[in-house]
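In what follows, a structure is listed as structure tokens, so that the remarks can point back to it.
First the proteins, then the strands, lettered A, B, ... as listed; each starts at 1.
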Amino acid sequence: MLDPKLIRDNPEKIREMLKARALDFSMDDFIKLDKERRELIIKTDELRKTKNQISVEIARKKKSNEDTSGLIGQMQSVSQELQRLEESQEKAEDAYKKLSLTLPNLIHESVPIGKDETANKEIKKWGNKPTFDFKILDHIDLTQNLGLVDLERAAKVSGARFYYLKNQLVRLNQALIQFALDFLSEKNYTPIQTPYMINRNSMEGAIIAQDFEDVIYKVEGEDLYLIGTSEHAIASMYCDEIIEGKSLPLRYAGVSSCFRKEAGAHGRDQKGIFRVHQFDKVEQFVFSRPEESWNEHERMLSLVEEFYQKIGIPYRIMLLSSGDTGKISAKTYDLEAWMAGQNSYREITSCSNCLEFQARRLKIRFRDRTDEQPQYLHTLNSTLVATTRTMVAILENFQTKDGHVSIPHALQKYIGSNTI
RNA sequence: GCGGGGGUCGCCUAGCCUGGUAGGGCGUGGGAUUGCUAAUCCCAUGUCCGUAAGGACCCGUGGGUUCAAAUCCCACUCCCCGCGCCA
């Protein structure tokens, strides 16, 4: 959600953003609705004032045993009128809120303008792509040959895009989680394992309406949704709270399973474990002072880089274009890992600054002194490791001539072995 | 799941029976006064509208009764205690 005052005073800024994101949104309707809503607030407030005055007067007269029948008659008509006004005010308020929840975040000035991922900008490359003196396999063949994944039975039991992990791949999955938690703990992040289901209010604070359809699973008959990432559960943690300024930044290392519908991804990455409905993830989530959030953003990205350097996966960093940036984010970096079996770089992490967008939706504020106005803080999130995708990169890049996979040095102590 | 008790403006608490402007304490911040490891006093400390003056709203949430609801009624929700069930 954006600052209503900003929308009112600088509508051209919002129009610019909508154009950059290539979105249809009627700003004129929105501004009209805002005006309507505020006029109704003023009207109802005035009537309430009258009502309060009469009410006080009735109380006073009753105390001194004076006649109140005239006043009570007045109150009756005021109350009726007020009820009518309140109804239309509520309607206007709801319409405004509904529309404002669909409005995406601002775009940072450093973000390249473009309609889709073709306008993304590569800003860095790290590592040497591995070379092989034998015919290499993709992760699908590797996992089949080594008995690491059972897709057929998962399809039977759950459906497409599900999987059974088996044998050493289960250990690799755990090793990545453990390594990621150790890594972030060293950087003073607080480990946190979140609820995997959250209610609608929390979900609405963390994501934008459209995503409910495309990404989020609903639990039937309950006000509960499966989280698409621990980000959703961490963002809503401090909902409706005012945080002491001195405790910022709050840095969390969230660990959870993640659940995604992957609607609209038909045909893409149909096989294997690259694009699946369920995976584990260690996530960085930061609640930051507004003036610090851009530093935090760069810091998060640098930690992601350090992590993949330690594992030894070649990557490139992409700055997403305006059209490819998620609606809640003002600026997003993706880390794309080299995947030898596919002979291409593929997205494995995403690092975003949401500014006050989520905080405003969730009413998360902070203040340094109790006598000052609380202000919205900034929220940032970045994948550290989404285990399935990182495992694909490891399997494909670290495969050996004999059809096995060597385990990256940094992970060996967690598995107690150096090959799969 | 059953029975009982609760949810008040950061925290604690009064008010509820008997409807009529939500009071006090603590903490925190600011100020005043006095000065021996401090005390005392004053102000501020939820949201919205408004440039402001000011006003409205806020007692877990949503309804209802009433001229008027923190207070009465109904539903829901969360927490605590006991019982039951359970990995």
Side-chain angles (χ1 to χ4, degrees), chain A residues 1-10 30-101 193-205 219 221-225 233 236-248 250 257 287 289 356 358-377:
Chain A
M1 197 160 21
L2 298 172
D3 186 355
K5 287 200 176 74
L6 176 84
I7 299 170
R8 211 174 298 152
D9 300 339
N10 294 299
F30 190 57
I31 289 165
K32 204 177 126 202
L33 210 54
D34 180 42
K35 196 172 163 232
E36 226 175 85
R37 153 189 163 264
R38 283 182 301 140
E39 281 168 2
L40 278 165
I41 287 173
I42 291 168
K43 268 195 198 159
T44 49
D45 274 8
E46 268 168 10
L47 202 59
R48 284 204 191 102
K49 183 183 174 186
T50 312
K51 192 184 140 183
N52 288 342
Q53 283 169 344
I54 301 172
S55 182
V56 168
E57 190 64 6
I58 290 174
R60 193 187 61 76
K61 285 201 169 182
K62 283 234 166 169
K63 252 183 207 163
S64 55
N65 275 320
E66 293 176 56
D67 176 52
T68 55
S69 53
L71 284 174
I72 286 178
Q74 259 188 61
M75 272 288 260
Q76 274 166 336
S77 61
V78 167
S79 285
Q80 272 176 24
E81 172 69 14
L82 185 59
Q83 205 173 349
R84 270 199 298 278
L85 261 176
E86 275 175 342
E87 269 168 35
S88 48
Q89 191 218 325
E90 210 173 303
K91 253 186 221 160
E93 197 71 56
D94 283 352
Y96 176 82
K97 199 184 160 198
K98 211 172 157 196
L99 208 54
S100 79
L101 283 175
Q193 186 162 2
T194 70
Y196 290 2
M197 291 176 243
I198 62 179
N199 61 32
R200 181 163 189 107
N201 184 55
S202 305
M203 198 56 98
E204 265 178 349
V219 179
E222 306 274 345
D223 177 26
L224 286 173
Y225 298 82
S236 28
M237 259 175 88
Y238 290 100
C239 177
D240 291 323
E241 293 190 33
I242 299 171
I243 294 169
E244 272 188 72
K246 63 170 185 262
S247 62
L248 295 176
L250 289 166
S257 292
F287 298 91
R289 309 178 74 89
E356 60 172 45
Q358 286 178 324
R360 199 172 266 284
R361 287 170 157 241
L362 291 160
K363 286 209 190 70
I364 310 172
R365 290 162 298 164
F366 77 98
R367 65 180 164 201
D368 293 305
R369 301 175 7 178
T370 51
D371 62 340
E372 74 182 13
Q373 188 80 346
Q375 56 173 316
Y376 291 104
L377 45 72

Gap in Å between the two P atoms, one belonging to B:U51 and one to B:C58, rounded
24 Å
Gap in Å between the two C1' atoms, one belonging to B:C9 and one to B:A56, rounded:
16 Å
What's the gap between B:U61 and B:U71 when it is taken at their P atoms, as a whole Å value?
11 Å
Tell me whether A:Ser55 contacts the main-chain N or O of A:Asn52 through its side chain, where contact means a donor paired with an acceptor under 3.5 Å.
no
Nearest-Å distance for atom pair CD1/P, residues A:Ile72 and B:C67
8 Å
Test item: A:Ser247 side-chain N/O and A:Ile243 main-chain N/O as donor-acceptor pair under 3.5 Å
no
Spacing between A:Arg8 atom CZ and B:C48 atom P, to the nearest angstrom
11 Å
Under 3.5 Å, which donor-acceptor pairs link side chains of residues 72-81 of chain A to any protein atom two or more places apart or in another chain?
from, atom 1, to, atom 2, distance (Å)
A:Ser77, OG, A:Gln74, O, 2.9
A:Ser79, OG, A:Met75, O, 3.1
A:Glu81, OE1, A:Arg84, NH2, 2.8

Taking the C1' atom in each of B:U40 and B:C76, what is the distance between them to the nearest angstrom?
49 Å
By side chain to side chain donor-acceptor pair (under 3.5 Å) - contacts of A:Asp368 (at least two apart):
A:Arg289
Are A:Arg38 and A:Asp34 packed together at the side-chain level, in the sense that at least one heavy-atom pair is separated by less than 4.5 angstrom?
yes
Polar pairs (N or O, both sides) under 3.5 Å between protein and nucleotides 56-63 of chain B?
from, atom 1, to, atom 2, distance (Å)
B:A56, OP1, A:Asn52, ND2, 3.3
B:A56, O2', A:Asp45, OD1, 2.7
B:A56, O2', A:Arg48, NH1, 2.9
B:C57, OP2, A:Asn52, ND2, 2.9

Determine the contact category for A:Ile41: base if any of its heavy atoms lies under 4.0 Å from a base atom, sugar-phosphate if only primed atoms, P, OP1 or OP2 are that close, otherwise nothing.
sugar-phosphate
Nearest to the side chain of A:Ile242, heavy atoms from C-beta on, is which of B:G46, B:C67, B:G20?
B:G46
By salt bridge (Lys or Arg N to Asp or Glu O under 4.0 Å) - contacts of A:Lys246 (at least two apart)
A:Glu244
Please examine the side chains of A:Ile41 and A:Gln89, heavy atoms only from C-beta on, and report whether any two atoms are closer than 4.5 Å.
yes
If you look only at pairs with a residue in residues 65-99 of chain A, which of them pass as a ring pair (Phe, Tyr, Trp, His ring centres under 6.0 Å), with sequence neighbours excluded?
A:Phe30-A:Tyr96
Pairwise P distance, B:G1 and B:A52 [rounded to whole Å]
50 Å
Find out whether A:Ile198 and A:Leu224 are in side-chain contact, i.e. whether some heavy atom of one side chain is under 4.5 Å from a heavy atom of the other.
no
Check whether the side chains of A:Gln193 and A:Tyr196 place a donor and an acceptor atom closer than 3.5 Å, and report yes or no.
yes
note: A:Ile243, atom CD1; B:C11, atom P; distance rounded to Å ~ 14 Å
Can you tell me, in whole Å, how much space there is between the P of B:G82 and that of B:A44?
44 Å
Are any of A:Arg60's side-chain N or O atoms less than 4.0 Å away from OP1 or OP2 of B:G20?
no
Quick one: stems involving RNA chain B, counted as three or more successive Watson-Crick or G-U pairs, both distances short of 3.5 Å.
B:1-7 with B:77-83, B:10-13 with B:23-26, B:27-32 with B:40-45, B:46-49 with B:54-57, B:60-64 with B:72-76
Just the atom pairs and distances: protein N or O near nucleotides 68-78 of chain B's N or O, under 3.5 Å.
none

Is A:Arg360 touching bases, backbone alone, or none of the nucleic acid, heavy atoms closer than 4.0 Å?
nothing
Calculate the interatomic distance between A:Glu244 atom CD and B:C11 atom P; express it in whole Å.
12 Å
Side-chain donor-acceptor distances from residues 358-367 of chain A under 3.5 Å, at least two apart:
from, atom 1, to, atom 2, distance (Å)
A:Gln358, OE1, A:Thr379, OG1, 2.7
A:Gln358, NE2, A:Ala206, O, 3.1
A:Gln358, NE2, A:Glu231, OE2, 2.9
A:Arg360, NE, A:Glu356, OE2, 2.7
A:Arg360, NH2, A:Glu356, OE2, 2.8
A:Arg361, NH1, A:Glu204, O, 2.4
A:Arg361, NH1, A:Ile207, O, 2.6
A:Arg361, NH2, A:Leu101, O, 2.3

Expressed as a whole number of Å, how far does the C1' atom of B:U8 sit from that of B:C59?
4 Å
Find the distance A:Lys363:NZ to B:G46:P and express it as a whole number of Å.
15 Å
Which residue, A:Gln83 or A:Arg365, contacts RNA chain B at a nucleotide closer to its 5' end, judged by nearest heavy atom?
A:Arg365
Find the distance A:Asp34:CG to B:G50:C1' and express it as a whole number of Å.
13 Å
Would you tabulate the pairs of protein nitrogen or oxygen atoms and nucleotide nitrogen or oxygen atoms of nucleotides 27-29 of chain B closer than 3.5 angstrom?
from, atom 1, to, atom 2, distance (Å)
B:U28, O2, A:Thr370, OG1, 2.3
B:G29, O2', A:Arg369, NE, 3.2
B:G29, O2', A:Asp371, OD1, 3.4

Just call it for A:Lys62: base, sugar-phosphate, or nothing, with non-hydrogen atoms closer than 4.0 Å on any strand.
base
Qualifying residues under salt bridge (Lys or Arg N to Asp or Glu O under 4.0 Å), relative to A:Asp45, sequence neighbours excluded
A:Arg48
Is a donor on one side and an acceptor on the other found under 3.5 Å between the side chain of A:Thr44 and the backbone of A:Leu40?
yes
Side-chain N,O (A:Arg37) to OP1/OP2 (B:C48) below 4.0 Å
no
Non-hydrogen side-chain atoms of A:Ile54 and A:Ile58 separated by less than 4.5 Å
yes
Starting at atom CD of A:Glu39, determine the distance to atom C1' of B:C48, rounded to an integer number of angstrom.
16 Å
Integer angstrom distance from the P of B:G7 to that of B:C17:
14 Å
Mind checking what makes salt bridge (Lys or Arg N to Asp or Glu O under 4.0 Å) contact with A:Glu241, not counting sequence neighbours?
none
Grab the CD-C1' distance between A:Gln80 and B:U66 for me, whole Å please.
13 Å
Applying salt bridge (Lys or Arg N to Asp or Glu O under 4.0 Å), name anything that partners A:Glu87, two or more places apart in sequence or on another chain.
none
